[in-house]
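For reference, the structure discussed in these notes is given below.
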Amino acid sequence: MTIGECKKRISAKDAVKMIQKGDSLLVGGFGICGTPFTLIDTITESNHARELTIISNNLGEAGKGLGKLLISKHIKKAIGSYFTTNRDAVKAWNNGELEIELIPQGSLAEAIRAGGAGIAGFYTKTGVGTEIAKGKEERDFEGETYIFVRGIRARLALIKADKADTMGNLVYARTARNFNPMMATAADIVIAEVDEIVEAGTLDPEQIITPHNYVDYVVLNDRYEKIGGEYVERTK
Amino acid sequence: MTIGECKKRISAKDAVKMIQKGDSLLVGGFGICGTPFTLIDTITESNHARELTIISNNLGEAGKGLGKLLISKHIKKAIGSYFTTNRDAVKAWNNGELEIELIPQGSLAEAIRAGGAGIAGFYTKTGVGTEIAKGKEERDFEGETYIFVRGIRARLALIKADKADTMGNLVYARTARNFNPMMATAADIVIAEVDEIVEAGTLDPEQIITPHNYVDYVVLNDRYEKIGGEYVERTK
Amino acid sequence: MLSGLSNLRDARIRIAKRIVKELHAGAVVNLGVGIPSLIQNYLKPDSHVYLQSENGLLGMGPTPPKDEIDMNLISASKHPISLGIGSSLFSSADSFAMIRGGHIDIAVMGALQVSEKGEIANWAVPGKDILGVGGAMDLVASAKKIIIAITHVTKDRTPKIIQKLTYPSSGTRAANLIVTEKALFEVKDNTLLLKEIAEDSSLQEIKQLTEAHFIISDDLQTMKIN
Amino acid sequence: MLSGLSNLRDARIRIAKRIVKELHAGAVVNLGVGIPSLIQNYLKPDSHVYLQSENGLLGMGPTPPKDEIDMNLISASKHPISLGIGSSLFSSADSFAMIRGGHIDIAVMGALQVSEKGEIANWAVPGKDILGVGGAMDLVASAKKIIIAITHVTKDRTPKIIQKLTYPSSGTRAANLIVTEKALFEVKDNTLLLKEIAEDSSLQEIKQLTEAHFIISDDLQTMKIN
């Protein structure tokens with residue numbers, strides 16, 4: 001095995017030590033597809049990484065992925081596009097235990113890309129004339145109204161890829177790609193959880209989605225295995 | 001051969017018929033790398049497609065690619081980042097035969113992406129405090145000054161890919177990718193010149209860079225072949 | 001004959017089947033959750049309709065057999081799917097660049113209400129939790145054509161096609177077509193045009209169950225499903 | 001000994017070799033045209049310096065043997081290159097997202113002038129055609145560290161390191177390091193700090209050929225190349 005040669009590799013525990021109380025975290029995934037399960041589970045076991053602001057499309061599902069982190073009371077605020085399907089998120093919000101900021105999914109994806117690409121903000125038609133536009137700058141271009149959206153960055157990004165090579169180049173699996181590549185560009189510290197580490201040079205340069213310079217640390221998913229197409233927690 | 005099954009396939013001549021006098025064209029390529037040579041050469045033989053505004057990083061090289069189109073007097077204006085190395089472009093500009101609009105390369109790439117992505121404009125740090133910023137809106141975000149750049153679209157895009165499948169999905173060859181994928185998204189009519197057409201289903205879904213819905217027409221490069229790593233005009 | 005479609009399931013299937021006929025060969029189509037997600041079941045394999053899933057896929061294929069399910073390959077409704085021929089995978093940013101740049105031919109979506117001008121409310125109910133918007137507003141703002149797939153009335157028989165939205169709107173952009181189990185309306189010049197009535201409904205019933213004003217097409221037809 | 005480096009080629013090579021020492025293992029580096037493009041020749045294969053080429057590549061390898069040249073694989077200087085181990089290919093938009101988002105550790109670039117505050121002029125000469133800017137301004141605005149690689153004076157012995165720019169600037173951002181064949185300056189707190197003098201030059205010569213004010217490091221060294 002060549003895993004030992006990946007200088008960016010650290011344990012999930014050491015990765016989570018970098019998270020501070022009150023931190024903002026970009027977390028990859030759509031529902032629980034493309035989610036860094038091992039990193040999230042490790043946060044639930046920590047006591048210091050609390051009052052987090054999580055920027056992610058959803059809060060996973062009830063009891064799964066970020067849904068676990070909600071139950072373990074590590075999340076103060078969630079910024080994303082769709083929380084309705086996680087009953088725990090709805091309950092926590094109703095009880096005043098969770099702040100929520102809603103952003104249309106396309107604006108969220110684009111804002112994270114902007115945050116990673118040196119774009120301070122951009123104008124989009126999405127949300128014009130809706131409650132989402134309240135308090136937002138409006139501007140007309142060629143007779144159409146647009147609203148202004150700021151780029152988004154966070155101190156840390158926890159992302160999930162299928163494979164890393166020993167340099168930290170990443171490829172994703174199918175629709176588990178989703179928000180992960182943009183998040184890899186938009187944080188001061190980027191930690192990539194992967195199912196497998198392969199030798200540098202074995203990934204096709206045309207097929208690498210996240211070049212290695214975006215990735216600070218690589219953590220191997222050692223808590224979940226794929227059984228019947230699903231990620232299932234290993235029995236210890 | 002499966003080429004007959006590509007319903008989007010047309011001849012270079014029929015493609016060029018769609019160009020009107022005074023049209024704006026996005027043309028892919030960096031220097032002459034990733035350039036739709038066959039389409040460009042076919043324009044030089046047309047009499048109707050004149051007074052064009054060409055949006056491209058360069059004007060090819062002297063006598064090659066867009067450099068040919070300049071000599072054949074089809075270009076009225078060039079919008080791009082680097083024209084200095086084409087002596088014909090410099091001469092035409094000096095003689096008042098060519099208008100030039102300079103945009104930093106990154107702003108050009110991002111503006112075309114924006115044009116294809118429904119983004120009216122964005123704020124960048126590139127060019128702040130330079131002559132490029134003259135007349136441009138400035139705005140401060142967190143103590144840093146940014147300038148506003150509008151998205152760019154054109155009526156037509158002429159791009160170059162390595163392969164199309166019969167549905168019009170595209171893959172590119174190495175650094176011949178450059179501006180082509182963004183240009184495929186930012187025009188009303190997108191014409192892709194390719195070296196090869198392959199059966200739909202043979203390209204890896206993870207590796208397709210331009211999905212088929214961006215491509216209106218496919219033209220086979222039948223004028224140039226690769227000899228010694230270079231595209232050389234076929235002897236007729 | 002269908003006896004009034006007391007069965008909600010039948011109503012939803014009828015709507016899905018009717019909308020299939022609007023999806024022309026070559027169309028790039030985004031299907032929302034709910035009724036729109038049923039449409040895929042009624043698309044013929046040779047339809048050449050290309051389904052875009054906003055979580056990062058063009059060319060969504062049907063639900064795979066159980067032993068081929070891969071939860072790394074799901075629809076925006078989070079169901080397992082397969083890859084159609086010529087499909088491609090991309091990030092959420094690229095997916096919404098496709099949506100927001102106007103590269104989706106048809107978006108089929110559910111709604112809570114539609115106004116008589118075609119305005120859409122499909123993401124929030126006043127006084128209730130506003131905790132989800134997803135990609136609805138992106139699609140409303142930028143799809144070339146919007147088809148609304150809704151049952152004609154709510155479970156307690158309140159009209160959904162109404163004069164003015166009372167629920168928060170999803171954008172200023174109007175729908176182009178509204179399909180229910182009872183009728184099909186086109187939105188033209190800010191006005192609803194009744195074009196089809198289901199064979200088990202009647203103009204009288206449509207008038208009764210539609211709060212919005214509408215005009216009746218000179219060429220009013222019976223809705224044909226198959 | 002190098003006798004005054006009357007040879008321009010030797011001067012350029014010396015600058016390139018000196019800058020190699022500034023490129024630490026793991027660094028992502030963009031090399032501009034001119035002198036910076038020579039640097040690759042002096043990088044050791046095991047240097048773990050990753051060269052980014054703004055036309056869409058991270059991990060540029062050296063010029064390939066003639067029979068392996070592929071003009072679909074070129075550098076930003078438009079020369080044939082090869083793919084290093086672990087290299088990746090991407091579009092110009094993604095490449096400049098990398099540059100503009102602050103993901104390049106070091107940009108090495110030429111300049112026409114550098115001011116005593118480190119401001120850079122490297123794209124246009126007043127009164128001459130302004131027909132090319134390329135990626136210079138993107139790199140000046142956003143690379144984490146900027147190293148300027150220039151001969152100390154022009155061919156007619158006019159100083160390039162001057163008090164105030166007379167040529168159009170490339171941005172408000174200052175260089176961090178200036179390396180010539182005669183000296184190395186660090187830019188610190190808007191001031192030039194002379195840190196190294198080449199063994200065939202002298203403080204007297206540097207003073208004579210540098211119009212800009214500079215201060216002399218307490219730890220002034222002889223420039224070491226190898």
Side-chain angles (χ1 to χ4, degrees), chain A residues 28 30-34 57-58 61 78 80-86 89-90 93-94 98 100 102-114 116 124-133 144-146 162 172-183 195 209 226 228-231, chain C residues 33 53-57 60 64 66-83 87 89-102 119-121 123-124 126 128-142 165 167-173:
Chain A
F30 180 88
I32 56 165
C33 180
N57 190 58
N58 320 89
E61 293 176 8
S81 91
Y82 208 77
F83 302 111
T84 324
T85 42
N86 182 341
V90 176
W93 183 76
N94 275 319
L98 177 69
I100 281 185
L102 265 198
I103 302 180
Q105 197 173 148
S107 292
L108 179 66
E110 186 71 20
I112 298 166
R113 182 189 173 281
T124 176
K125 283 188 287 188
T126 294
V128 170
T130 73
E131 291 191 21
I132 293 287
E144 284 216 76
T145 305
Y146 291 72
D162 186 38
Y172 301 90
R174 302 176 152 190
T175 57
R177 193 185 303 188
N178 57 64
F179 287 86
N180 289 296
M182 294 84 77
M183 289 182 174
D195 287 353
I209 299 298
K226 247 176 124 187
E230 288 193 67
Y231 283 93
Chain C
V33 294
S53 192
E54 64 263 32
N55 53 322
L57 169 65
M60 182 165 68
K66 213 176 167 191
D67 60 337
E68 287 173 25
I69 284 175
D70 174 4
M71 292 309 285
N72 281 336
L73 182 60
I74 60 168
S75 68
S77 305
K78 295 167 186 134
H79 298 306
I81 51 169
S82 57
L83 293 172
S87 59
L89 295 153
F90 32 80
S91 72
S92 299
D94 286 345
S95 185
F96 280 93
M98 185 181 281
I99 291 170
R100 292 148 64 109
E119 295 151 312
I120 303 156
W123 70 290
K128 285 212 183 173
D129 320 335
I130 302 192
L131 298 177
V133 55
M137 289 184 183
D138 302 292
L139 286 156
V140 166
S142 299
L165 298 182
Y167 291 1
S169 96
S170 302
T172 50
R173 171 82 183 292

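Chain naming here is simple, since letters A, B, ... match the order of the sequence lines and numbering starts at 1 in each.
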Verify, without hydrogens or angle tests, whether Thr84(A) (side chain) and Gly132(C) (backbone) share a donor-acceptor contact under 3.5 angstrom.
-> yes

Contact origin within Leu108(A) toward chain C - heavy atom pairs under 4.5 Å = neither

Check whether any side-chain heavy atom of Ile74(C) lies under 4.5 Å from a side-chain heavy atom of Phe30(A), and answer yes or no.
-> yes

Chain C contacts, top residue of Glu61(A), Met182(A), Glu230(A), Glu144(A) (heavy-atom pairs, under 4.5 Å) | Met182(A)

Tell me, out of Pro181(A), Ala109(A), Ala133(A), who's got the most heavy-atom pairs with chain C below 4.5 Å.
-> Ala109(A)

Side-chain touch Leu89(C)/Thr175(A), heavy atoms, less than 4.5 angstrom = yes

Side chain to side chain, Met71(C) and Tyr231(A), heavy atoms closer than 4.5 Å = no

Passing option when Glu131(A) is tested against Ser170(C), Pro168(C), Ser169(C) for side-chain contact (heavy atoms from CB on, under 4.5 Å) | Pro168(C)

Let me know if Asn94(A) has heavy atoms under 4.5 Å from chain C in its side chain, its backbone, both or neither.
-> side chain

Measuring heavy-atom distances to chain A, does Ala121(C) have an atom under 4.5 Å in its side chain, in its backbone, in both, or in neither?
-> neither

Between Asp138(C) and Glu110(A), is any pair of side-chain heavy atoms under 4.5 Å apart?
-> no

Please tell me if the side chains of Phe96(C) and Thr124(A) come closer than 4.5 Å, counting only heavy atoms from C-beta onward.
-> no

Test item: Lys78(C) and Cys33(A) side chains (from C-beta on) under 4.5 Å apart, heavy atoms | no

Output all residues satisfying salt bridge (Lys or Arg N to Asp or Glu O under 4.0 Å) with Asp70(C), sequence neighbours left out; order by chain, then residue number.
-> Arg174(A), Lys226(A)

Modelled atom types, side-chain donor and acceptor of Arg113(A) and Ser92(C), under 3.5 Å = no

